[in-house]
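The structure appears right after this line, and notes come after that.
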Amino acid sequence: MKKISRHQMRENAFILIFEKMFNDDTTEEILHTARECDDIEVTDQVEAMFRGVVQNQDAIDSVIEPNLKKWTKDRISRVSLAILRLGVYELMYTTDVDADIIVSECVKLATTFAHEDDVSFVNGVLGAIVRSQAAKA
C-alpha cells in the first residue's frame, strides 16, 4: 500500500465520515465499498481516523456543541459537521500533530468542500475549542 500525505489521509477520512452521515451502512460496509470502488485510498491511518470519529462521535459532538455560538448541530451543514468531527477527533485523540496544524488542515478541507461562509465558521469553532482546551490544561 502506497504512503499518502497527512493532508490526503485527512481528506479521505473526511469523505468516509461524510458518507456515513448519509446512510445507515455499518463502518465495515462503508470501508468495504470505498476499497471496492477504489476512488479513495483507504490506508490503515485513514481507516483508524474514520473508525475513531465514528466510535467517539457522542464525545466529539459534546465538545462541538457548546462551541456553536447561536447555532445548533442540526443547523450546520453536513460538510462542516464532518470536518468539525474530524478536527475534534484529532484534537482529542492524537498527540503527534499540533493543534494549529489540525485547525489549518480542517480549514483547508472546508475551503475545498464547503461553502465560503463555512470556512470561517469551521475556523472559529475549532479555534474556540483549542482555546478552551488550552485554558483547561
Side-chain angles (χ1 to χ4, degrees):
M1 191 175 289
K2 71 177 186 170
K3 185 162 173 65
I4 62 175
S5 70
R6 187 85 184 212
H7 176 76
Q8 190 63 54
M9 182 177 61
R10 278 186 190 92
E11 185 173 310
N12 294 356
F14 156 75
I15 290 167
L16 295 172
I17 294 161
F18 186 69
E19 175 69 24
K20 179 83 172 114
M21 296 169 81
F22 283 95
N23 64 55
D24 294 326
D25 289 355
T26 66
T27 302
E28 299 307 320
E29 290 168 329
I30 290 173
L31 287 166
H32 176 75
T33 302
R35 287 187 176 106
E36 215 172 58
C37 293
D38 207 28
D39 286 341
I40 63 170
E41 184 83 24
V42 182
T43 63
D44 291 345
Q45 295 90 346
V46 170
E47 181 178 338
M49 289 179 99
F50 172 56
R51 286 182 186 280
V53 170
V54 172
Q55 291 167 353
N56 297 290
Q57 185 172 308
D58 290 341
I60 291 167
D61 286 355
S62 73
V63 171
I64 293 170
E65 287 172 327
N67 291 284
L68 298 176
K69 298 188 179 16
K70 298 182 184 172
W71 285 82
T72 63
K73 189 179 73 170
D74 297 333
R75 283 188 57 216
I76 64 176
S77 75
R78 289 187 184 190
V79 172
S80 292
L81 183 56
I83 293 169
L84 289 171
R85 283 177 173 161
L86 177 62
V88 171
Y89 168 77
E90 278 199 274
L91 290 169
M92 290 175 65
Y93 299 100
T94 63
T95 56
D96 61 333
V97 182
D98 288 343
D100 291 348
I101 293 170
I102 293 168
V103 172
S104 175
E105 284 289 317
C106 288
V107 168
K108 226 183 262 187
L109 286 173
T111 301
T112 304
F113 293 101
H115 292 289
E116 195 175 317
D117 294 344
D118 293 338
V119 175
S120 58
F121 178 77
V122 166
N123 187 44
V125 172
L126 289 176
I129 292 167
V130 168
R131 287 188 297 279
S132 157
Q133 284 183 332
K136 291 177 186 173

Has the side chain of [X] got a donor or acceptor atom that lies under 3.5 Å from a matching backbone atom of [Y]?
{"X": "Glu29", "Y": "Thr26", "answer": "yes"}
{"X": "Ser132", "Y": "Ala128", "answer": "no"}
{"X": "Ser104", "Y": "Ile101", "answer": "no"}
{"X": "Arg131", "Y": "Gly127", "answer": "yes"}
{"X": "Asn12", "Y": "Glu41", "answer": "yes"}

Does [X] reach the side chain of [Y], with side-chain heavy atoms less than 4.5 Å apart?
{"X": "Met49", "Y": "Phe14", "answer": "no"}
{"X": "Val97", "Y": "Arg10", "answer": "yes"}
{"X": "Ile40", "Y": "Leu16", "answer": "yes"}
{"X": "Lys73", "Y": "Ile64", "answer": "no"}
{"X": "Val122", "Y": "Val103", "answer": "no"}
{"X": "Val119", "Y": "Asp117", "answer": "no"}
{"X": "Met92", "Y": "Asn56", "answer": "no"}

>> Which residue in the set Asp44, Val42, Val46 passes side-chain contact (heavy atoms from CB on, under 4.5 Å) when paired with Met9?
In response: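 Only one of Asp44, Val42, Val46 forms a side-chain contact (heavy atoms from CB on, under 4.5 Å) with Met9, namely Val46.
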> Going by atom types alone, do Glu36 and His32 pair a side-chain donor with an acceptor below 3.5 Å?
Replying inline: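 Distance-only check passes for Glu36 and His32.
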> Should Ile30 and Asn23 be marked as a side chain to side chain contact (heavy atoms under 4.5 Å, CB included) after you check the CA-CA gap, both sets of side-chain angles, and the distance that decides it?
Replying inline: CA-CA 9 Å; Ile30 290 173; Asn23 64 55; 3.9 Å; yes
>> What verdict does the salt bridge (charged side-chain N to carboxylate O under 4.0 Å, His left out) test give for Asp25 and Lys20, after you've listed the backbone C-alpha separation in whole Å, the side-chain angles of each residue and the deciding distance to 0.1 Å?
In response: CA-CA 7 Å; Asp25 289 355; Lys20 179 83 172 114; over 6 Å; no
> Is the count of non-hydrogen atoms from other residues, nucleotides or ligands lying under 6.0 Å from Asp96 atom CG greater than 12?
Replying inline: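 Yes - once you tally the heavy atoms of other residues, nucleotides and ligands closer than 6.0 Å, there are more than 12.
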>> If you count every heavy atom of other residues, nucleotides or ligands that lies below 6.0 Å from His115 atom NE2, does the total exceed 12?
In response: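 Atom NE2 in His115 is not crowded, with 12 or fewer foreign heavy atoms closer than 6.0 Å.
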When rounded to the nearest 0.5 angstrom, what is the spacing between [atom1] in [X] and [atom2] in [Y]?
{"X": "Gln57", "Y": "Arg85", "atom1": "CD", "atom2": "CZ", "value": "3.5 Å"}
{"X": "Ile129", "Y": "Gln133", "atom1": "CD1", "atom2": "CD", "value": "7.5 Å"}
{"X": "Ile15", "Y": "Leu86", "atom1": "CD1", "atom2": "CG", "value": "11.0 Å"}

Taking all non-hydrogen atoms of both residues into account, name the closest pair between [X] and [Y] and its distance.
{"X": "Gly87", "Y": "Cys106", "value": "CA-SG, 3.5 Å"}
{"X": "Asn67", "Y": "Val125", "value": "O-CG2, 3.8 Å"}
{"X": "Phe50", "Y": "Thr27", "value": "CE2-CG2, 3.3 Å"}
{"X": "Ile60", "Y": "Tyr89", "value": "CD1-CB, 3.7 Å"}

>> For the residue pair Arg78 and Phe18, would you count it as a cation-pi contact if the rule is NZ or CZ under 6.0 angstrom from the ring centre and within 45 degrees of the ring axis?
In response: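 Geometry flag: not set, cation outside 6.0 Å or 45°.
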>> As a quick check of understanding, evaluate side chain to side chain contact (heavy atoms under 4.5 Å, CB included) for Leu84 and Phe121, giving each step before the final call.
In response: CA-CA 10 Å; Leu84 289 171; Phe121 178 77; 4.1 Å; yes
>> Between Leu31 and Arg51, does the side chain to side chain contact (heavy atoms under 4.5 Å, CB included) criterion hold? Intermediate values first, please.
In response: CA-CA 10 Å; Leu31 287 166; Arg51 286 182 186 280; 3.5 Å; yes
>> Does Arg6 form a salt bridge (charged side-chain N to carboxylate O under 4.0 Å, His left out) with Glu90? I'd like the steps, not just the answer.
In response: CA-CA 12 Å; Arg6 187 85 184 212; Glu90 278 199 274; 3.2 Å; yes
>> Please evaluate residues Asp118 and Ile83 with respect to the criterion side chain to side chain contact (heavy atoms under 4.5 Å, CB included), reporting the C-alpha separation (whole Å), side-chain torsions for both, the decisive distance (0.1 Å), and the verdict.
In response: CA-CA 10 Å; Asp118 293 338; Ile83 293 169; over 6 Å; no
